Visitor: 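Here's a structure for you.
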Number of protein chains: 2
Amino acid sequence: MEEPGSIRPGGRTARVRAAVLRAAGDILAERGFAHLDLTDVARRAEVGKTTVYRRWGTVTGLVADLLTDMADQSLPRARTGSLEGDLRANARLVQRTLADPRQGNLFRAVIAAATCEPRTTEALHRFYDTRVREWAPCVEEAIDRGELPAGTDAEEVVRAVSAPLYYRLLAAGGPLDEATADQAANAAVAAARAGAFVR
Amino acid sequence: MEEPGSIRPGGRTARVRAAVLRAAGDILAERGFAHLDLTDVARRAEVGKTTVYRRWGTVTGLVADLLTDMADQSLPRARTGSLEGDLRANARLVQRTLADPRQGNLFRAVIAAATCEPRTTEALHRFYDTRVREWAPCVEEAIDRGELPAGTDAEEVVRAVSAPLYYRLLAAGGPLDEATADQAANAAVAAARAGAFVR
DNA sequence: CTCTTAATGGAACTATGGACCCGTTATGGA
DNA sequence: TCCATAACGGGTCCATAGTTCCATTAAGAG
């Protein structure tokens, strides 16, 4: 019996997983990582406490599974035709997500959880790898068009757009509005044009 | 009896606080935020359990106090004479701090704790405000020298240097070496020169 | 449809984080 | 130096997170 749910993943098992992940997300968004315990999750999900402990074991383990679930729901990138437009669209998408009360708190909680366990950290990294790879092509295309220096690290440019937004969310604080998003996108474009991301 | 330690802060009380904060920092660095409980802190600090619960009450409250203690120990900024030099020095300082096993884990844990409670969040913001204000003058001077456009938000430039490093530490992962630090500094300078941080 | 068994979940148990009581210590002002 | 009391800390109690056991349910193969 390795990995409960791997042999009979259909029907009830899938319903239980969905209910548990949903409850976990709710609690994380409302109360934060520190107040998450599996007993509470089981109660909210209307699922047996034993089931939750058996399948996920620890809080960080549950968050890791939540992250792989989140990674599966990736949105397609924008295609505005220009580098500025695409990156600004990305910045605003990230900004709206982080500024949304539920989503923002969820991300903060998930990142906090990733702080505590390598397994969860890896799940988080995979999540961002997915997102970055989804958006990197718009930078690649700009390089092909000659808008950016050859050898520019496309993925690094995409990360540079998100970084200031996450920095505000997690560390330094400050407003997370559309102006912040646009500034992040503009700064990334300007730095990329100047060759700051050439490998 | 508001705020235990506010009326007789000397002698034993100060020693207890130092021992507790030291123990808390050790545990956070070694095991992370999730495994921090006040009973354990009291044991390590060789201090009465009751004392810890009375003075700090919760894990996040203790971390908040730890943060104000950390904010008091600010390093003076570098003065290399050039904007690039100063910001690169700042980037490398941050990078060395975050890459150091103990310090890096401590920062991750402290930020995770700040995720869970407004009081702690505010303490964290104050911590970064202190740091940013310490370094902002080197950008101001560059503006005065005409190296950067008038109206450039100096503090925002400083934040732009740290952001990519924290983004790696907390969210996306990836190497945190000197090359990363220099890239962050270069990108911030390039963006600032292009006017991306003009208010 | 039937049967095997994967997976769930109720219930009882244990370990421990956190709260409280009250006696002890030592700070800091007179 | 002395004293009022701020602050500490040992001991005890309680709520509950997490574990274990076993009966019940239903997935999915034939």
Side-chain angles (χ1 to χ4, degrees), chain A residues 1-24 26-28 30-65 109 113 116-117 119-120, chain B residues 1-24 26-28 30-65 69 109 112-113 116-117 119-120:
Chain A
M1 173 259 0
E2 262 188 58
E3 294 280 314
S6 57
I7 297 174
R8 286 183 188 175
R12 181 168 61 168
T13 298
R15 277 198 304 281
V16 165
R17 178 169 184 251
V20 167
L21 293 187
R22 179 179 178 76
D26 287 347
I27 294 173
L28 286 178
E30 285 170 27
R31 302 195 204 166
F33 171 63
H35 303 95
L36 183 71
D37 63 286
L38 300 191
T39 302
D40 197 18
V41 171
R43 199 164 26 229
R44 280 237 205 168
E46 293 178 306
V47 154
K49 190 167 77 158
T50 315
T51 302
V52 177
Y53 281 103
R54 184 174 28 230
R55 284 190 61 180
W56 291 280
T58 65
V59 170
T60 51
L62 175 55
V63 174
D65 193 33
C116 304
E117 233 231 348
R119 248 178 76 82
T120 315
Chain B
M1 156 303 316
E2 262 187 56
E3 293 282 314
S6 57
I7 296 175
R8 284 184 190 174
R12 181 169 61 168
T13 300
R15 278 197 302 279
V16 165
R17 178 167 184 254
V20 167
L21 293 187
R22 181 180 176 74
D26 287 347
I27 294 172
L28 285 177
E30 285 171 26
R31 303 194 205 166
F33 171 62
H35 303 95
L36 183 71
D37 64 287
L38 300 193
T39 302
D40 197 19
V41 171
R43 199 162 27 230
R44 278 237 206 169
E46 293 179 308
V47 152
K49 189 167 76 158
T50 314
T51 301
V52 177
Y53 280 103
R54 185 174 29 230
R55 283 189 64 179
W56 291 280
T58 64
V59 170
T60 51
L62 175 57
V63 174
D65 193 33
D69 188 62
C116 303
E117 232 232 348
R119 248 177 75 84
T120 314

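Because the structure is predicted, anything quoted here is derived from the model rather than measured. Worth knowing before you read on, the calculation uses all heavy atoms, side chains too, and leaves out hydrogens, waters and symmetry mates. Order of the sequence lines sets the chain letters (A, B, ...), proteins ahead of strands, with each chain counted from 1.
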Visitor: Measure from the side-chain heavy atoms of B/R55 and tell me the nearest of D/dG18, D/dA27, D/dC8.
Guide: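 So the side chain of B/R55 is nearest to D/dC8.
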Visitor: So, OP1 or OP2 of D/dG18: does either fall under 4.0 Å of a side-chain N or O from A/Y53?
Guide: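 Yes, because at least one side-chain N or O of A/Y53 sits under 4.0 Å from OP1 or OP2 of D/dG18.
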Visitor: Write down the atom of A/A19, the atom of A/A45, and the distance for their closest heavy-atom approach.
Guide: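 The answer is O-CB, 3.6 Å.
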Visitor: Please report the distance, rounded to the nearest Å, between CZ in A/R12 and P in D/dT25.
Guide: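 Result: 9 Å.
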Visitor: Would you kindly give the CD1-to-C1' distance between A/I27 and D/dA17, to the nearest whole Å?
Guide: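 Rounded to the whole Å, the gap is 13 Å.
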Visitor: Output the rounded distance in Å from CH2 (B/W56) to C1' (C/dG17).
Guide: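 Result: 18 Å.
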Visitor: Nearest whole Å is fine: how far is C/dT16 C1' from A/D37 CG?
Guide: 14 Å
Visitor: B/T50 or B/R15: which one's nearest nucleotide on DNA chain C is closer to the 5' end?
Guide: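 The residue whose closest nucleotide sits nearer the 5' end is B/T50.
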Visitor: Send over the distance from B/R17 CZ to D/dC8 P, rounded to a whole Å.
Guide: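 Result: 12 Å.
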Visitor: Which whole-number value in Å describes the distance from B/R43 CZ to D/dG11 C1'?
Guide: 16 Å
Visitor: Assess the side chains of B/T58 and B/Y53: does a donor N or O sit below 3.5 Å from an acceptor N or O?
Guide: no
Visitor: Using atom CD1 of A/I7 as one end and atom C1' of C/dA7 as the other, report the distance to the nearest whole Å.
Guide: 10 Å
Visitor: Phosphate oxygens OP1/OP2 of C/dG9: is one of them under 4.0 Å from a side-chain N or O of A/T51?
Guide: yes
Visitor: Using a strict 4.0 Å threshold on nitrogen-to-oxygen distance, state whether A/R31 and B/E117 make a salt bridge.
Guide: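 Answer for the salt bridge query: no.
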Visitor: Going by side chain to side chain contact (heavy atoms under 4.5 Å, CB included), B/R55 matches just one of B/L62, B/V20, B/T13. Which one?
Guide: B/T13
Visitor: By the 4.0 Å heavy-atom rule, please label B/T13 as base, sugar-phosphate, or nothing.
Guide: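 Touches sugar-phosphate only.
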Visitor: How long is the line joining CG of B/D40 and P of C/dG17, in whole Å?
Guide: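 Between P of C/dG17 and CG of B/D40: 7 Å.
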Visitor: Both A/G11 and B/G48 contact DNA chain D. Which one's nearest nucleotide lies toward the 5' end?
Guide: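 That would be B/G48.
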Visitor: Any donor-acceptor pair, under 3.5 Å, between the side chain of B/R54 and the base of D/dG9, if you only look at N and O atoms?
Guide: yes
Visitor: Would you give the length of the straight line joining atom CG of B/L21 to atom CH2 of B/W56, rounded to the nearest 0.5 angstrom?
Guide: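 Going from the CG atom of B/L21 to the CH2 atom of B/W56 covers 6.0 Å.
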Visitor: With no angle test and no hydrogens, is the base of D/dG9 tied to the side chain of B/K49 by a donor-acceptor pair under 3.5 Å?
Guide: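 Result: no qualifying N/O pair found.
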